[in-house]
Amino acid sequence: MPFLAAAAAGIGAIWTASTTSSGIITYPYLATTTTSTSSGITSGITWWYSGLEPNRETVQLRTEAPWYAAQRRARNLLLEFLTPLQRETFRDLRHIVVRGASGQRYRIEEGRIGNVALLGPDGQPLHRLCAHPREIVPDADTMLTQLFMLRDPETERQFLERANVH
Amino acid sequence: MEIKISAMDVLDTTGHTRTSWNRLRPEEVESAREQFESLVAKGYKAFRVSDDGVQDEQMKTFDPLAERMLLIPPIVGG
């Protein structure tokens with residue numbers, strides 16, 4: 001559906017968004033052109049452009065439905081790679097505990113930023129590590145990326161080199 | 001014709017995208033190899049995984065006999 005509706009009320013304007021079939025929200029914008037008539041009167045024509053605004057960075061926001069579907073798909077995939085205990089912990093506490101290839105234990109919490117904690121011998125966090133996929137992916141994909149990196153010796157080292165410590 | 005299916009899950013904005021191919025069909029294997037190599041060149045890490053979800057070793061090169069792979073995106077410090 002290329003465009004739903006746009007309306008102007010007096011001087012103010014009501015902005016409405018439309019959703020394309022690809023799940024991108026586009027915003028109409030108000031454009032004004034002026035024309036001089038032979039009588040010297042300037043008339044203004046105001047119109048709505050129903051499409052992506054060309055003069056500013058294109059606004060692209062995901063609609064909720066595809067994003068929720070992506071989160072669900074990512075969560076299902078994550079669950080495939082968890083042990084029964086990790087699944088239970090994730091279900092109840094929204095985090096998983098993993099032993100890295102180096103033997104260190106980490107707690108990966110649901111989230112994206114600073115969601116990995118290095119655990120001490122008593123199971124308490126020593127500090128937080130922040131490294132995540134460059135691309136915006138669902139949180140469960142972020143967790144799966146961190147889980148796989150931490151369990152492999154080479155990628156655990158890379159993760160620790162890349163991560164900011166908080 | 002016998003069918004031996006392999007699958008590659010690539011984590012992305014949709015949750016993941018799965019590519020499947022018949023290991024006995026060379027053209028499908030080559031297509032999967034191209035995708036694998038393109039992603040690894042972009043910084044993705046590939047891991048062989050078993051059907052029951054157990055992580056195996058990291059894969060630096062495409063293995064046409066691998067039954068399942070997971071490709072994770074490059075990371076940045078936050």
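Chain identifiers are assigned alphabetically (A, B, ...) following the order of the sequence lines, protein sequences preceding nucleic acid strands; residue numbering begins at 1 within each chain.
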Under a 4.5 Å cutoff for heavy-atom pairs, which residue among [options] has the most contacts with chain B?
{"options": "A:Q146, A:M149, A:H132", "result": "A:H132"}
{"options": "A:V137, A:D141, A:T142", "result": "A:D141"}
{"options": "A:E154, A:H166, A:Q71, A:R75", "result": "A:E154"}
{"options": "A:L144, A:I113, A:L147", "result": "A:L144"}

Part of A:E161 lying under 4.5 Å from any heavy atom of chain B: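 No part of A:E161 comes within 4.5 Å of chain B.
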Consider only side-chain N and O atoms of B:E67 and B:S6, and report whether a donor and an acceptor are under 3.5 Å apart. no
Modelled atom types, side-chain donor and acceptor of B:Q35 and B:T19, under 3.5 Å: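 A donor-acceptor contact under 3.5 Å links the two side chains.
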Taking the side chain as C-beta and beyond, is there a heavy-atom pair between B:F47 and A:R151 under 4.5 Å?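 A side-chain contact under 4.5 Å is absent here.
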Any link between A:L119 and A:L150 through a network of hydrophobic side chains (Ile, Leu, Val, Met, Phe, Trp, Tyr) touching at under 4.5 Å?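 Result: no, two separate clusters.
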What about A:Y106 and A:V97, same hydrophobic cluster or not, with Ile/Leu/Val/Met/Phe/Trp/Tyr joined at side-chain heavy-atom distances under 4.5 Å? no
Looking only at the aromatic ring of each residue, does the gap between the centers of B:F36 and B:W21 stay below 6.0 angstrom?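 Ring centres of B:F36 and B:W21 not closer than 6.0 Å.
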What pairs meet the salt bridge (charged side-chain N to carboxylate O under 4.0 Å, His left out) rule with one or both residues in residues 118-128 of chain A, with sequence neighbours excluded? A:E109-A:R128
Taking 4.5 Å as the heavy-atom cut-off, does anything in residues 70-78 of chain B contact chain A, and if so which residues? B:L70, B:I72, B:P73, B:P74, B:I75, B:V76, B:G77, B:G78
Stepwise salt bridge (Lys or Arg N to Asp or Glu O under 4.0 Å) check, A:D139 with A:R112: CA-CA 6 Å; A:D139 286 347; A:R112 173 176 169 84; over 6 Å; no
